[in-house]
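What follows is a short report on a single structure.
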Amino acid sequence: MPNVVYIDCLDHPGLDVFARLTEAQLRSRKEPEKGIFIAESPKVIDRALNGGYEPLSFLMEEKHITGQAKELLERCPGVPVYTGPSDLLSQLTGFPLTRGVLCAMRRPALPCVEQLCENAHRVAVLEGIADPTNVGAIFRSAAAMHMDAVLVTPNCCDPLYRRAVRVSMGTVFQIPWTRIPQWPEGGLEQLRGLGFRTVAMALTPDAVSIEEPSLHQADKLAIMLGTEGDGLAHSTIAGCDHTVCIPMSHGVDSLNVAAASAVAFWELRRRESPL
């Protein structure tokens, strides 16, 4: 049986994580092992559970307990399930919970870069991308388009930010990722030491086409994507082995970083050698 907790006011301390704590407070930078994030919708929560993430509590309308959340709750015996009148929950979250189910989950300990890249052949590096919608979309493309892992720089949006998780459709739980602590100084050298050729996606006069055959033949590639608007830092571009662009038509100069990521990941995916 689910551990259902009925609430009749908004003061219950168990509700803090769903509405009263900021993303920064949830993340708990000073004590990462105590950090929490919020997953939304049964599909996303299911993918998080499949990825080994620990559920701490749920929030939902009562009808979902025996409805769309039934199988999730069967997998999480003893985890508190907060529910109450629809109008009260709407006041708490700011939207009707008929839209879905919320789950507070424990943040995992992230692997080091060496562990993450040990068996990887294609990794994406997200430098300073600030918009959680873009981060979520890039993770979805990375998972779908044959990337083995994702690295995010210290100034990149948190992949477990609520909107990033939602836009990724839970693929942030399916593709391995971690933070690269030093960037770009130190980070590019670290990737080269792990056997990767580094590729900067950038619009520079000397950029080669993404269709360049030598890139397709590389055993290990690390593909750099930069922040919205400004793109990659000049020092990152200068430090990479290759600068690459996507050929455009109709006078279009560039794509949104999320759209560009999908093209880059597909084109630069690892091809199996012919027999």
Side-chain angles (χ1 to χ4, degrees), residues 110 112-114 116-117 120-159 164 168 172 175-212 214-248 253-270:
L110 293 175
C112 67
V113 173
E114 290 80 5
L116 193 79
C117 295
H121 293 271
R122 294 292 184 271
V123 300
V125 181
L126 312 190
E127 180 186 86
I129 298 177
D131 186 342
T133 298
N134 282 332
V135 169
I138 293 169
F139 264 84
R140 191 173 182 181
S141 293
M145 302 295 176
H146 309 284
M147 293 294 104
D148 298 311
V150 177
L151 299 171
V152 297
T153 64
N155 60 341
C156 185
C157 170
D158 178 18
S168 83
V172 68
I175 185 167
W177 69 276
T178 196
R179 290 193 174 274
I180 187 164
Q182 295 181 326
W183 190 263
E185 294 80 8
L188 289 172
E189 290 78 4
Q190 184 178 24
L191 288 170
R192 286 200 193 89
L194 293 170
F196 288 91
R197 288 165 65 180
T198 53
V199 176
M201 298 298 300
L203 297 173
T204 62
D206 61 343
V208 300
S209 169
I210 198 170
E211 298 169 318
E212 169 62 39
S214 65
L215 296 174
H216 301 159
Q217 296 162 7
D219 181 49
K220 291 187 172 187
L221 286 181
I223 303 165
M224 318 290 157
L225 295 160
T227 185
E228 302 86 351
D230 293 334
L232 291 167
H234 295 302
S235 57
T236 300
I237 297 171
C240 282
D241 299 314
H242 308 276
T243 304
V244 173
C245 66
I246 300 170
M248 300 279 133
D253 60 353
S254 65
L255 296 173
N256 165 272
V257 65
S261 75
V263 176
F265 298 160
W266 173 253
E267 183 64 28
L268 297 176
R269 72 194 186 279
R270 189 186 186 208

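Hydrogens, waters and symmetry mates play no part in the numbers below; they use all other heavy atoms, side chains included. On a predicted model such as this, the values are computed, not experimentally measured, just so you know.
Qualifying side chain to side chain contact (heavy atoms under 4.5 Å, CB included) partners for P205, counting only residues two or more places apart in sequence or in other chains: none. With sequence neighbours left out, D158 forms a salt bridge (charged side-chain N to carboxylate O under 4.0 Å, His left out) with R107. Residues satisfying the side-chain hydrogen bond (donor to acceptor under 3.5 Å, both in side chains) test with Q182, not counting sequence neighbours, are none. Remark: T236 pairs with E127 by the side-chain hydrogen bond (donor to acceptor under 3.5 Å, both in side chains) rule, at least two apart or across chains. Under the rule for a side-chain hydrogen bond (donor to acceptor under 3.5 Å, both in side chains), T227 has no partner lying at least two apart in sequence or in another chain. For H216, the side chain to side chain contact (heavy atoms under 4.5 Å, CB included) test picks out E267, L268, R271, with sequence neighbours left out. In terms of the side chain to side chain contact (heavy atoms under 4.5 Å, CB included) criterion, residue partners of S141 (sequence neighbours excluded) are, by chain and number, S261, A262, F265. For T204, the side chain to side chain contact (heavy atoms under 4.5 Å, CB included) criterion is met by A202, D206, A207, I237, T243, not counting sequence neighbours.
Within the structure, salt bridge (charged side-chain N to carboxylate O under 4.0 Å, His left out) contacts touching residues 132-144 (residues at least two apart or in different chains) do not occur. Applying the salt bridge (charged side-chain N to carboxylate O under 4.0 Å, His left out) test to pairs two or more places apart or on separate chains, none has a residue in residues 220-240. Evaluation of the salt bridge (charged side-chain N to carboxylate O under 4.0 Å, His left out) test over residues 182-203, restricted to residues two or more places apart or in two chains, returns R192-D241. Sorted by first and then second residue, the pairs that involve residues 143-153 and meet side-chain hydrogen bond (donor to acceptor under 3.5 Å, both in side chains), not counting sequence neighbours, are T153-N155.
The heavy-atom pair separating L116 from V150 by the smallest distance is CD2-O, 3.6 Å. Looking at every heavy atom in both residues, C117 comes nearest to F196 through CB-CE1, 3.8 Å. For the pair A258 and N134, the tightest heavy-atom approach, listed with the atom from each and the gap, is CB-OD1, 3.7 Å. Of all the heavy atoms in E211 and P247, the pair that sits closest is OE1-CG, 4.4 Å. Annotation for W177 and P159: closest pair CZ3-CG, 3.7 Å, computed over non-hydrogen atoms. When all heavy atoms are compared, the tightest approach of C157 to V135 is CB-CG2, 3.8 Å.
Under the 4.5 Å side-chain criterion, counting only non-hydrogen atoms from C-beta, L151 is not in contact with W183. At a threshold of 4.5 Å between non-hydrogen side-chain atoms, the residues L191 and M224 count as touching. Contact of the C156 side chain with the I129 side chain is registered, since non-hydrogen atoms from C-beta on lie closer than 4.5 Å. The shortest side-chain heavy-atom distance between L188 and C240 falls under the 4.5 Å cut-off.
Rounding to the nearest 0.5 angstrom, the gap separating the CD1 atom in I138 from the OG atom in S168 is 11.5 Å. Distance CD1/I223 to CD1/I210: 7.0 Å, rounded to 0.5 Å. Distance check, rounded to the nearest 0.5 Å: CG of L221 to CG of L215 gives 6.0 Å. Taking CG of L232 as the start and CG of L203 as the end, the distance is 10.0 Å to the nearest 0.5 Å. Rounding to the nearest 0.5 Å places CZ of F139 at 12.5 Å from CE of M147.
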request  = Give the C-alpha distance, both sets of side-chain angles, the deciding distance and a yes or no for side-chain contact (heavy atoms from CB on, under 4.5 Å) between E114 and L194.
outcome  = CA-CA 7 Å; E114 290 80 5; L194 293 170; 4.2 Å; yes
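No side-chain donor-acceptor contact under 3.5 Å links R270 to the backbone of Q217.
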